[in-house]
Amino acid sequence: MGLINVAIAGSSGRMGRALLEAVAQASDMRLHAALERPGSPFLGRDAGELVGSPNGVRITDDLAAGLKGAQVLIDFTRPEGTLEHLRAAVSLGVNLVIGTTGFTEPQKQAIADAARALGIVMAPNMSVGVNLALKLLDLAARVLNEGYDVEIIEAHHRHKVDAPSGTALRMGEVVAHALGRDLKQCAVYGREGVTGERPADAIGFATVRGGDIVGEHTVIFAGIGERLEITHKASSRATFAQGALRAARFVAGKKSGLFDMQDVLGLR
Ligand SMILES: NC(=O)C1=CN([C@@H]2O[C@H](COP(=O)(O)OP(=O)(O)OC[C@H]3O[C@@H](n4cnc5c(N)ncnc54)[C@H](OP(=O)(O)O)[C@@H]3O)[C@@H](O)[C@H]2O)C=CC1
Ligand SMILES: O=C(O)C1=N[C@H](C(=O)O)C[C@H](O)C1
């Protein structure tokens with residue numbers, strides 16, 4: 001099989017740079033295009049320069065030119081950017097890996113609709129550890145299904161714009177599903193003042209933002225006389241980038257369908 005032609009959206013961002021490094025080191029991939037939005041100060045710069053090794057690929061805001069000939073677009077941007085890239089990918093038949101978080105329900109539906117014509121992998125967390133943690137959480141919730149209060153705490157760097165994190169929300173969905181609850185009905189996003197006693201079926205979320213924390217998630221099952229905590233700590237964005245590359249390899253040959261990292265990692 002030939003090299004996989006990969007385009008990267010948001011190429012000057014934190015994840016964009018981690019992806020540029022990962023693609024440069026991948027022997028089965030070639031950087032086809034590095035995209036940024038109109039007005040970005042990085043337009044026209046050599047993308048490789050951002051990670052210390054020039055590669056001749058100029059950062060562009062021309063989606064059509066950048067995506068033409070690409071097999072997979074990897075997108076870690078913002079929901080409105082992803083939706084714009086999705087439209088271009090549909091018209092050019094380029095498969096997608098979406099790592100962006102913070103989508104509304106209608107935006108998620110637009111992505112699901114596009115997956116009838118494209119192969120798409122979308123996951124709020126591409127690390128192997130978090131995806132294994134999702135399986136462990138399913139098991140833990142099924143065993144600790146009565147008398148244990150579920151609370152989810154996440155911590156990220158000061159620049160993160162969405163809360164709770166996409167990963168925390170997915171963890172909540174997995175636990176709620178295993179317990180036969182609807183997260184929309186039982187989620188409690190922060191507490192203040194005289195809150196009253198905790199409802200037994202609540203799934204609570206707490207958010208920490210500060211400094212350069214890459215990403216930490218803890219799910220607590222608090223019972224009487226004992227407490228189980230399942231924690232994942234990311235210490236480098238390379239783990240997300242490597243996961244995104246695994247997703248790109250998985251989706252490169254797909255005709256259509258919406259997948260997540262459980263599919264990519266064979267954890268379904
Ligand atoms: N699934 C996973 O494993 C992970 C997911 N994420 C998610 O990825 C996303 C990006 O995170 P991070 O790299 O830290 O963010 P950054 O802000 O560092 O990077 C975002 C990039 O996207 C660009 N961008 C912003 N808005 C648009 C738009 N409307 N159209 C096109 N490009 C746009 C930014 O350009 P500019 O600088 O000009 O605004 C920037 O280059 C977040 O949603 C985050 O939660 C992060 C890590 C792991
Ligand atoms: O914004 C980030 O940085 C991260 N976002 C993802 C999320 O919202 O879950 C994943 C990771 O924790 C880093």
Side-chain angles (χ1 to χ4, degrees), residues 7-22 33-43 45 47 50 59-63 66-67 73-89 96-104 107-108 120-131 133-134 152-174 205 207-219 231-248 259-262 264-265:
I8 298 175
S11 53
S12 72
R14 282 175 288 276
M15 278 306 301
R17 290 170 196 241
L19 289 161
L20 286 171
E21 277 192 49
L35 301 165
E36 261 309 339
R37 60 172 161 179
S40 165
F42 294 97
L43 294 177
R45 293 257 309 265
L50 300 186
I59 298 177
T60 180
D61 61 0
D62 187 337
L63 280 183
L67 291 186
L73 170 63
I74 305 181
D75 182 306
F76 287 68
T77 58
R78 294 280 177 272
E80 59 279 15
T82 305
L83 268 286
E84 196 184 334
H85 302 148
L86 179 76
R87 285 187 285 274
L96 264 172
V97 173
I98 300 175
T100 305
T101 57
F103 293 107
T104 61
Q107 288 171 330
K108 286 184 202 166
I120 301 178
V121 176
M122 177 162 87
N125 198 305
M126 304 265 172
S127 82
V128 177
V130 157
N131 284 282
L134 294 175
I152 302 176
I153 306 171
E154 58 100 340
H156 285 85
H157 52 96
R158 62 170 66 133
H159 303 291
K160 186 163 177 60
V161 296
D162 54 316
S165 69
T167 308
L169 290 169
R170 176 59 53 82
M171 289 173 158
E173 283 164 5
V174 166
F205 290 84
T207 293
V208 174
R209 292 286 176 267
D212 61 357
I213 303 169
V214 174
E216 302 186 359
H217 294 87
T218 295
V219 181
T231 293
H232 178 270
K233 296 184 182 186
S235 48
S236 160
R237 290 183 178 83
T239 186
F240 308 131
Q242 289 302 329
L245 264 50
R246 286 175 81 152
F259 307 94
D260 68 13
M261 284 305 284
Q262 302 287 308
V264 173
L265 299 172

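Each ligand, and each atom within it, is numbered from 1 in the order the structure gives. Predicted, not measured: the structure shown is a model, and the values here were computed from it.
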Part of E154 with heavy atoms under 4.0 Å of ligand 2, whether side chain, backbone, both or neither: neither

Sole residue of R246, M122, M126 in side-chain contact (heavy atoms from CB on, under 4.5 Å) with V97: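 Only match with V97 under side-chain contact (heavy atoms from CB on, under 4.5 Å): M126.
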
Residue of the set I74, T100, T77 for which side-chain contact (heavy atoms from CB on, under 4.5 Å) holds with H85: T77

Under 3.5 Å: N/O of S11 near N/O of ligand 1: no

Any N/O pair R237/ligand 2 closer than 3.5 Å: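 So ligand 2 has no N or O lying under 3.5 Å from an N or O of R237.
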
Heteroatom proximity flag, G166 to ligand 2, N/O under 3.5 Å: yes

At what distance is the nearest protein heavy atom to [atom], and which residue and atom is it?
atom: atom 9 (O) of ligand 2; value: T167 OG1, 2.5 Å
atom: atom 8 (O) of ligand 2; value: K160 NZ, 2.7 Å
atom: atom 12 (O) of ligand 2; value: H156 NE2, 2.6 Å
atom: atom 6 (C) of ligand 2; value: P124 O, 3.5 Å
atom: atom 2 (C) of ligand 2; value: H157 NE2, 3.6 Å

Distance-only donor-acceptor check, side chains T60 and D62, under 3.5 Å: no

No-hydrogen, no-angle side-chain donor-acceptor test under 3.5 Å, H156 and S165: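 Absent: no donor and acceptor within the cut-off.
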
Contact with ligand 2 for E216, non-hydrogen, under 4.0 angstrom: no

Any V161 heavy atom less than 4.0 Å to ligand 2: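 The answer is no, since V161 has no heavy atom less than 4.0 Å from ligand 2.
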
Provide the number and element of each atom of ligand 1 under 4.0 Å from a heavy atom of [X].
X: G99; answer: 1 (N), 2 (C), 4 (C), 5 (C), 6 (N), 7 (C), 8 (O)
X: H85; answer: 31 (C)
X: F240; answer: 3 (O), 47 (C), 48 (C)

Salt-bridge present (E154, R209; N to O < 4.0 Å):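 Yes, this pair counts.
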
Sub-4.0 Å protein heavy atom next to atom 38 (O) of ligand 1: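 Yes; the ligand atom in question has protein heavy-atom contact below 4.0 Å.
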
Ligand 2 atoms in contact with N125 (distance to a heavy atom under 4.0 Å):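 Near N125, the atoms of ligand 2 are 10 (C), 11 (C), 12 (O).
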
